Amino acid sequence: MISVLFLLLTVNYGHSFNDFPSLIAANATMAVMVDKNFFDNKEEHRNAVESVLELITDTVRTEMHLGGIAVRIFRDADVDLRQDYTILLSIATCYRTWRLHETARKKNIIHFAITDPDCPRIPDVDGISVPMIVPGEELSQIFLDLRMMNILSWNVINILHDDTFDRDTITRVMKAISDKLPNERPSLISRSIFTLKHDVTERERISSVKKVLDDFHVEQLGRCFLVIATFDIVADVMEVARSLKMVHPGSQWLYVITDSAEQNATNMTTFVDLLAEGGNVAFMYNATEFGDFCEAKFTCFVAKLVKALSRTLDYSLMNEIELRNRAGLEDFEIIKLTKAERKREILKNIKIHLTQNLPDPKDGCRMCLLWRFSSSITWGNFFPREKNIAHLLDVGTWSPKFGVDLTDALFPHIDHGFRGIAIPITTYHNPPWQIISVSSTGKATYDGLIFDVVNYLSKKLNFTFNVIVPEMDKIAKSWNDSRFAKLGDSVNEMTMSSTRKVPREVIDYVRDKKVLMAACAYTVNENGKSAINFTVPIFLQTYSFLTSRPEQLSRALLFASPFTKETWACLAVAIIIMGPILYMIHKYSPYSTKTSGLNSSWQCVWYVYGALLQQGGMYLPQSDSARLLIGVWWLIVMVLVATYSGSLVAFLTFPRMDASILTVEDLIERKDTLTWSFPNGSLLEVYLRNADEPKYHILLSHAQKHNDTEEEELIERVKEGKHVLIDWRSSLRFLMRKHLLLTGGCHFSMSADEFLDEPIAMIIPQGSPYLPVIDAELHRMHESGLMHKWITERMPMKDKCWEALSSSQAVIKRKVNVADMQGIFFVLFMGATLALFLLLCEFYCHRRKINKERKLIRPFVS
């Protein structure tokens with residue numbers, strides 16, 4: 001409850017703090033400052049002060065019926081503007097006007113300013129300013145007004161003017177274009193000036209213009225052009241600029257026609273035929289009626305401003321009286337307008353009064369100085385009727401009293417793109433790039449990766465599109481079941497998409513410039529650029545290999561896997577050599593004794609072998625030399641056994657797989673056992689043929705070419721391990737996913753070698769002026785990550801064919817089975833067989849020895 005009361009008190013206090021008196025309680029107050037520096041002499045200044053005071057008094061007495069205006073005259077620029085002032089009327093130089101404006105703005109005082117020529121106007125939200133302009137010298141003021149309203153916001157500008165202007169006029173225009181403004185808007189970075197000769201003959205004029213524009217360095221000087229010239233020169237510049245293809249969506253041309261009023265040539269439709277498709281062209285021309293007197297004194301502007309102010313204050317006072325009677329005195333003090341709110345209301349009503357009040361021919365103030373603005377509408381006008389139907393749009397005026405008053409943008413296409421018009425495009429069914437679905441009612445919907453791009457382009461460039469599909473009625477039935485937006489949603493619809501062939505009808509639409517573009521994915525190639533053009537690549541398709549999944553190698557000799565063949569051979573040689581060495585050291589050492597078990601080289605070999613198997617022997621040598629040799633051998637045995645045991649565990653846990661084909665070199669090494677193929681007519685063939693590396697020539701010479709109809713056969717050959725398929729990674733993933741959905745098994749693997757990127761782009765007519773605009777938006781899509789997002793959403797995602805078991809999972813799931821131990825059992829069997837054979841040999845040798853001894857006659861000894 002306390003919080004609610006505190007909130008109510010705060011609100012009421014906030015309103016009651018508005019102690020600025022209403023128009024009911026006190027008349028509006030006006031401070032009038034007449035700067036002596038604005039006039040040539042003291043006498044003129046004194047007369048101006050008297051005439052302004054008399055003019056204000058008479059106008060208020062005549063126009064106001066309910067209230068009045070308290071006026072105070074200041075003759076010095078150092079005015080102490082108190083908080084209770086409502087209006088400030090200043091007649092001062094530009095510098096003092098802006099100093100007064102800063103003070104008036106902080107105190108929410110309405111500012112009426114009469115000031116010098118070439119003076120920036122004060123903002124519309126703070127008041128009204130009128131520069132005293134001499135007719136014929138208004139160009140610099142117009143450019144100041146354009147910059148103050150941020151209409152002419154070029155940072156690099158090229159000025160072309162004819163030689164009918166004197167140096168002073170051009171200097172003032174340049175100063176107005178490039179000087180720093182009081183509102184802190186950025187000034188121009190650079191400017192270039194070119195003079196055009198106003199010769200007598202048309203041929204000489206065109207030759208002069210062409211000489212200037214032909215050597216123009218656009219990249220260094222920019223694409224914004226300001227042409228200030230007469231009617232004839234403007235036509236010549238437009239014709240030459242169009243012939244040199246300098247008029248396009250990336251350039252801006254503002255033509256200022258200075259003699260249109262003198263020659264009574266204010267109809268700009270004569271320039272329509274010179275407009276280029278996609279150009280940004282605007283005209284500013286003099287529409288002043290010079291038949292009457294056009295010079296207006298400052299007293300005329302003062303009279304009009306005070307008259308509008310008087311009627312507005314009367315209207316505001318009537319509204320306050322009505323509000324007080326309806327709400328009551330106490331509530332009125334709370335809800336009455338604040339000073340800032342009253343300022344906005346009075347300014348709004350004054351501007352309405354000034355625009356609606358027609359000039360009175362009896363007032364003696366003929367302010368007929370007037371300039372008009374026309375903008376060209378050229379984007380997308382060629383397609384509806386296959387001819388240029390560009391037209392001009394009147395977008396506003398300029399006058400000394402109101403300044404620049406625009407109803408539309410000076411360059412509409414820069415701000416609004418295609419201005420929402422419907423533009424034809426063409427396409428065809430080619431999932432997942434372009435997907436056309438037809439409902440039961442015959443309505444077609446368009447989806448796919450390309451239409452993700454087209455839909456975004458239409459929003460950024462502000463156009464709608466009508467899709468033209470060649471022979472749609474004949475093939476509509478084949479699309480009825482093609483309602484899938486993500487690759488892999490329908491197994492039966494899966495096919496190897498191709499961007500290497502486009503229907504001839506689609507190419508014809510683009511070549512004949514009947515459409516803005518072909519919304520289809522097409523491989524960028526040099527052969528097609530003679531009739532059509534390509535946008536920047538939308539996607540890059542990378543080539544890779546599809547091979548059969550590596551099989552597990554035989555584990556029959558798993559026990560021998562920890563060591564290589566060389567290691568086993570060295571170990572066997574070491575055992576054979578160590579036996580005789582041990583025997584020799586043991587035999588010839590003077591400290592050795594005749595120990596059983598070490599009396600022959602063969603016995604020493606068995607001793608060394610037993611030590612290797614960690615079985616030892618019954619006897620040790622007695623000499624230190626032999627013991628040192630045995631000790632070193634035991635150390636070697638310990639290292640060998642530890643290494644073998646650890647490696648054997650690893651080989652038991654992680655089975656060995658067949659070597660994968662990861663690179664082009666791996667594939668070429670198996671050219672005798674494997675075949676490979678790539679799509680017929682692909683960019684890969686051209687790349688391999690023109691490559692400098694020998695491996696690519698070998699790859700091409702042994703390669704086969706396949707068509708899309710051979711998909712099933714190719715997959716079976718790859719599955720059997722006899723063939724390798726070379727294609728886009730996306731297409732190979734697509735095939736793997738299709739096979740997974742059909743069979744439920746993963747029998748393929750993809751190489752990591754990506755040796756070629758194939759650019760995929762959309763088709764656009766040759767010489768289309770909109771190519772740079774479309775390319776710029778496509779670049780922004782790439783930089784913002786939209787392309788990657790769409791590809792991720794449309795292309796197959798990773799499934800169990802890409803999943804790999806982690807090492808921990810493999811250890812938990814892997815168990816040693818009979819297949820892992822079959823090799824050691826085989827050794828046992830071979831050992832037993834060999835022992836049995838040696839046993840038979842021993843029996844044979846023993847019997848032979850006995851038989852030999854029986855035949856021997858020995859003497860009898862008693």
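Note that the coordinates shown come from a computational prediction; the quantities given were computed from them, not determined experimentally.
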With a 4.5 Å cut-off on side-chain heavy atoms, are W379 and H416 touching? no

Give a yes or no on whether the backbone of I133 and the side-chain of Q141 come within a donor-acceptor separation of less than 3.5 Å. no

Any idea which heavy atoms bring L406 and G396 closest together, and the distance? CD2-CA, 3.8 Å

Indicate yes or no for a side-chain donor-acceptor contact from T62 to the backbone of T59 under 3.5 Å, with no hydrogens or angles considered. no

Before giving the answer on side-chain contact (heavy atoms from CB on, under 4.5 Å), spell out for L309 and I69 the whole-Å C-alpha distance, their side-chain angles and the decisive distance to 0.1 Å. CA-CA 10 Å; L309 174 64; I69 300 178; 4.1 Å; yes

Centroid-to-centroid, Y770 to F463, below 6.0 Å? no

Option passing side chain to side chain contact (heavy atoms under 4.5 Å, CB included) with L88 (candidates T29, V32, I109, I110): I109

Minimum heavy-atom distance between I122 and S129, given as atom pair plus value: N-OG, 3.2 Å

Run the numbers on K336 and E333 for salt bridge (charged side-chain N to carboxylate O under 4.0 Å, His left out), then give the verdict. CA-CA 6 Å; K336 69 179 181 180; E333 290 297 326; 3.3 Å; yes

Taking R324 for the side chain and D331 for the main chain, is one N or O donor matched with an acceptor at less than 3.5 Å? no

All heavy atoms of G68 vs all of V60, minimum pair found to be CA-CG1, 4.3 Å

May I ask you to decide whether E320 forms a salt bridge with R342, counting only side-chain N to carboxylate O separations under 4.0 Å? yes

Of all heavy-atom pairs linking L392 and T269, the shortest is CD1-N, 4.1 Å

Without hydrogens or angle criteria, can the side chains of W398 and D145 be said to hold a donor-acceptor pair below 3.5 Å? yes

Surrounding OH of Y95 (heavy atoms of other residues, nucleotides or ligands, distance under 6.0 Å), is the total greater than 12? no

Would F451 and Y456 count as a ring pair (Phe, Tyr, Trp, His ring centres under 6.0 Å) if you check the C-alpha gap in whole Å, the side-chain angles of each, and the deciding distance to 0.1 Å? CA-CA 8 Å; F451 277 92; Y456 191 80; over 10 Å; no

Quick one about T93 and N37 (side-chain donor to acceptor, distance below 3.5 Å, no hydrogens or angles considered), yes or no? no

Show, in sequence, the C-alpha distance, side-chain angles and deciding distance for F39 and V34, and conclude whether the side-chain contact (heavy atoms from CB on, under 4.5 Å) test is met. CA-CA 9 Å; F39 301 93; V34 182; 3.4 Å; yes

S310 OG to E63 CD distance, which is reported to the nearest 0.5 Å: 6.5 Å

Heavy-atom closest pair (I56 atom, L89 atom, distance to 0.1 Å) is CD1-CD2, 3.9 Å

Quick one: pull up NZ in K460 and CG in N455 and give me the separation to the nearest 0.5 Å. 14.0 Å

Evaluate the criterion side-chain contact (heavy atoms from CB on, under 4.5 Å) for residue pair R311 and I350; output intermediate values, then yes/no. CA-CA 8 Å; R311 294 185 178 182; I350 287 176; over 6 Å; no

Is there a side-chain contact between Q252 and F225 in this structure, where contact means two heavy atoms from C-beta onward sitting under 4.5 Å apart? no

Within the distance-only criterion (no hydrogens, no angle test), does the side chain of D35 pair as donor or acceptor with the backbone N or O of A92 below 3.5 angstrom? no

From D58 CG over to K307 NZ, what is the distance, rounded to the nearest 0.5 angstrom? 13.5 Å

Within the structure provided, determine whether I228 and L139 are in side-chain contact (heavy-atom separation under 4.5 Å). yes

Are S376 and T378 linked by a side-chain donor-acceptor pair shorter than 3.5 Å? no

Take E102 and K106, measure what salt bridge (charged side-chain N to carboxylate O under 4.0 Å, His left out) needs, and give me the verdict at the end. CA-CA 6 Å; E102 291 298 325; K106 293 177 182 178; 5.4 Å; no

With a 4.5 Å heavy-atom cut-off, do Y285 and M268 have their side chains touching? yes

For the residue pair F271 and F231, is the inter-centroid distance of their aromatic rings smaller than 6.0 Å? yes

Parallel, tilted or perpendicular: which one describes the rings of H101 and H111, with boundaries at 30° and 60°? parallel

Are R419 and D408 close enough for a salt bridge, meaning some N to O gap below 4.0 Å? yes

Give a yes or no on whether the backbone of C94 and the side-chain of D116 come within a donor-acceptor separation of less than 3.5 Å. yes

Check whether the side chains of T312 and H353 place a donor and an acceptor atom closer than 3.5 Å, and report yes or no. no

Between K175 and I170, does a side-chain contact (heavy atoms from CB on, under 4.5 Å) hold up when you go through it step by step? CA-CA 9 Å; K175 187 177 180 180; I170 296 300; over 6 Å; no

Would you find a donor on one side and an acceptor on the other, under 3.5 Å apart, between the side chain of E277 and the backbone of G380? yes

Hey, mind stepping through W253 and N280 against side chain to side chain donor-acceptor pair (under 3.5 Å) and telling me if it holds? CA-CA 6 Å; W253 292 78; N280 299 303; over 6 Å; no

Tell me every residue that passes salt bridge (Lys or Arg N to Asp or Glu O under 4.0 Å) with R172, counting only those two or more places apart in sequence or in another chain. D118, E137

Counting only N and O atoms by type, is there a donor-acceptor contact under 3.5 Å from the side chain of K343 to the main-chain atoms of R105? no

Look only at the side chain of R147 and the backbone of I177, and say whether a donor-acceptor pair between them is shorter than 3.5 Å. yes

Would you say E777's side chain and I774's backbone share a donor-acceptor pair under 3.5 angstrom? no

Run the ring-centre check on F283 versus F373 and record whether the distance is less than 6.0 Å. no

Are L144 and L181 side-chain neighbours, meaning at least one heavy-atom pair lies under 4.5 Å? yes

Going from CD1 on I423 to OG on S458, what distance comes out if it is rounded to the nearest 0.5 angstrom? 10.0 Å

Closest approach of S374 to D394 (non-hydrogen atoms, all atoms of both residues): OG-OD1, 3.0 Å

Measuring from I73:CD1 to L53:CG, what's the distance to the nearest 0.5 Å? 4.5 Å

Nearest 0.5 Å, please: how far is CD in E54 from OG1 in T57? 8.0 Å

